[in-house]
Amino acid sequence: MGTSPKVDGCAPIHVFASSKSWIEGNATLQLQQVAGLPGVRAVAAMPDLHPGKYGPVGCAVLSDLIHPQLVGSDIGCGMGLFQLDVAARKLRLDQLAGRLHALDQPWDGDTGNVLADAGLHATMFDASLGSIGGGNHFCEFQAIEEILEPDIAAEVGLDRDHAYVLVHSGSRGLGFSILEREMRNGQAALDPVSESGSAYMDAHDHAVQWARLNRRIIAERAAAAARADLRPVNDLAHNMVERHDAGGHVMALHRKGAAASDRGLVPVPGSRGTLSYLVEPLTAMRTDALASLAHGAGRKYDRASMHGRVRVKKSDVARLERNPYGGIVVCGDRGLLAEEAPEAYKNIERVIDDIVEFGLARVVATFRPLVTFKKAQSSVVAGSTRREKSWKEYRR
DNA sequence: ATGTTC
C-alpha cells in the first residue's frame with residue numbers, strides 16, 4: 001500500500017492500492033519491468049491495475065523517453081460523460097434498447113464535415129467514426145443514484161433527474177495503425193524532442209482527438225435513440241502520453257488505463273452491473289500519483305478464463321442481459337457477454353475506496369446503469385473483396 | 001485493443 005520498492009536501477013513505484021485490493025502477481029511483475037525500462041523515472045499504479053499485452057493497465061509512467069507500447073494500440077481511448085435533456089424516468093428502456101441496435105451499423109453522418117469542424121485531417125479509418133468497437137468498450141445510459149458533493153455537482157450542471165450517457169471507446173483502427181507502424185520501425189523508445197518522437201506525438205495527438213470525436217458521435221447517436229439532445233460533462237482519455245517541459249528538460253508522461261487528474265471531474269465506470277462514479281481529483285494531495293487516477297474497476301479475470309467461468313447457455317445469457325438495477329445489457333455477442341460479465345471485474349467500490357483513502361479524489365456523484373450497449377458479434381461483411389490500400393500501407 | 005483471419 002503506497003509501497004516504493006526501490007530495485008537497483010529501477011524507478012520508484014507507488015502503488016495506490018490498499019491490501020484489500022486484489023492486484024494480480026503478473027501485474028506487479030509487469031509494473032517492475034516498466035520501472036526498469038530505459039529513461040523511466042517514476043511509476044504510479046492505481047488499484048484497478050491488471051496485466052495487459054505490452055505492460056500493466058492502470059498506471060502512469062514518467063520517462064525521459066516515449067515508449068509507444070506503454071500507450072498501447074488504442075491511443076486516446078477514454079471516457080466521455082454526457083448529460084441528456086430528458087428525464088431518466090421518462091426513458092422507455094426496452095424501446096431504447098431496441099433502437100440502440102443501430103449502433104452496430106456504420107454511422108451515416110458526414111464524416112468529412114465533422115472531421116473538418118474538429119480540425120482533423122482525413123485518414124483511411126474514418127469509416128469507423130461513430131462506432132464503439134469491441135472488448136470493454138460500451139455506451140451506457142445512466143441515472144444519478146446519489147449526489148455526494150452538491151456544490152461540485154452544481155458547478156458542472158449535474159441534475160439528478162436527467163439521463164446521462166457514458167461512452168467508453170477509442171481510436172479504433174487509427175491508433176492501432178500508429179502503434180503497428182512504430183513497432184515495424186523497431187524503435188522501442190523515442191526521444192521526445194527528436195524527429196521520430198515528434199512524428200509519433202503528432203500521430204498520437206491526432207488519434208487522441210479522433211477518439212474524443214468518436215465518443216462524441218457515439219453519444220449523439222445514443223441521444224438520437226432517446227430523442228434527446230446532449231451536452232458534455234467531461235471527456236478524458238486514459239491511454240495517452242504527453243510531453244512535459246520540466247525546466248528545459250522534456251519528459252514523457254504516459255497513462256495506460258489511467259485518467260488524467262488535472263482537467264476536471266473524472267468519470268470512473270464500474271462494471272456493467274454496478275454503479276459508476278464521477279469523482280473530483282484532489283491532485284495537490286499526492287504528486288507521486290503523477291496527476292493520474294484509476295480508470296475503472298479493472299479486470300480480475302482475463303478474457304479467456306471467463307469462457308470457462310460463465311456458461312453461455314440461454315439462461316445465463318438472459319441473466320447477463322439484465323443488470324442488478326433492473327436495466328438492460330444489449331450485446332449481440334454471447335462470447336463478449338461472457339468475457340465482460342460483471343464478475344470479470346474487480347469491485348469498483350474497493351477501487352473508489354482506495355483512491356479516496358489515499359487522498360487522490362472524492363466522490364461527487366454515483367450513477368446506476370439503465371441500458372448498456374456493447375458491440376454485436378462481428379459478421380464478415382460479404383462482397384467487400386475490392387482491394388483497397390491495405391491499412392499496413394497507410395501513411396499520413 | 002484490432003475492418004479481430006493473410
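Note that these values count all heavy atoms, side chains included, but never hydrogens, waters or copies made by symmetry. Residue numbering restarts at 1 for every chain, and letters A, B, ... go by the order of the sequence lines. Computed from a predicted structure; not experimentally measured.
- Following rounding to the nearest Å, I132(A) (CD1) and dT4(B) (P) show an atom-to-atom distance of 18 Å.
- Summarising the geometry, the separation between CG on D333(A) and P on dT2(B) is reported as 13 Å, rounded to the nearest angstrom.
- We find that CG of L174(A) is positioned 10 Å from P of dG3(B), with the value rounded to whole Å.
- A straight line from CZ of F125(A) to C1' of dG3(B) spans 9 Å, rounded to a whole angstrom.
- To the nearest angstrom, P of dT2(B) lies 13 Å from OH of Y54(A).
- Rounding to whole angstrom units, NZ of residue K375(A) and C1' of dG3(B) are separated by 10 Å.
- Among the candidates R319(A), K300(A), R309(A), R299(A), the single residue satisfying the salt bridge (charged side-chain N to carboxylate O under 4.0 Å, His left out) test with E343(A) is R319(A).
- Rounding to the nearest 0.5 Å places CG of D191(A) at 8.5 Å from OG of S198(A).
- Between the P atom of dG3(B) and the CH2 atom of W107(A) lies a distance of 18 Å, rounded to the nearest Å.
- Looking at heavy-atom distances under 4.0 Å, G135(A) makes contact with sugar-phosphate atoms alone, never a base.
- If you run salt bridge (charged side-chain N to carboxylate O under 4.0 Å, His left out) between E340(A) and each of R272(A), K375(A), R303(A), only R303(A) comes through.
- Below the 3.5 angstrom threshold, one finds no donor paired with an acceptor across the side chain of K53(A) and the base of dT2(B).
- Note: CG (D74(A)) to C1' (dT4(B)) measures 13 Å, nearest angstrom.
- When heavy atoms are screened at a 4.0 angstrom cut-off, G134(A) is found touching the sugar-phosphate backbone but no base atom.
- Relative ring orientation between H254(A) and H67(A) is described as tilted, the plane-to-plane angle lying within the 30° to 60° band.
- Among the protein residues, G133(A) comes within range of the sugar-phosphate backbone only, with heavy atoms under 4.0 Å from sugar or phosphate atoms but none that close to a base.
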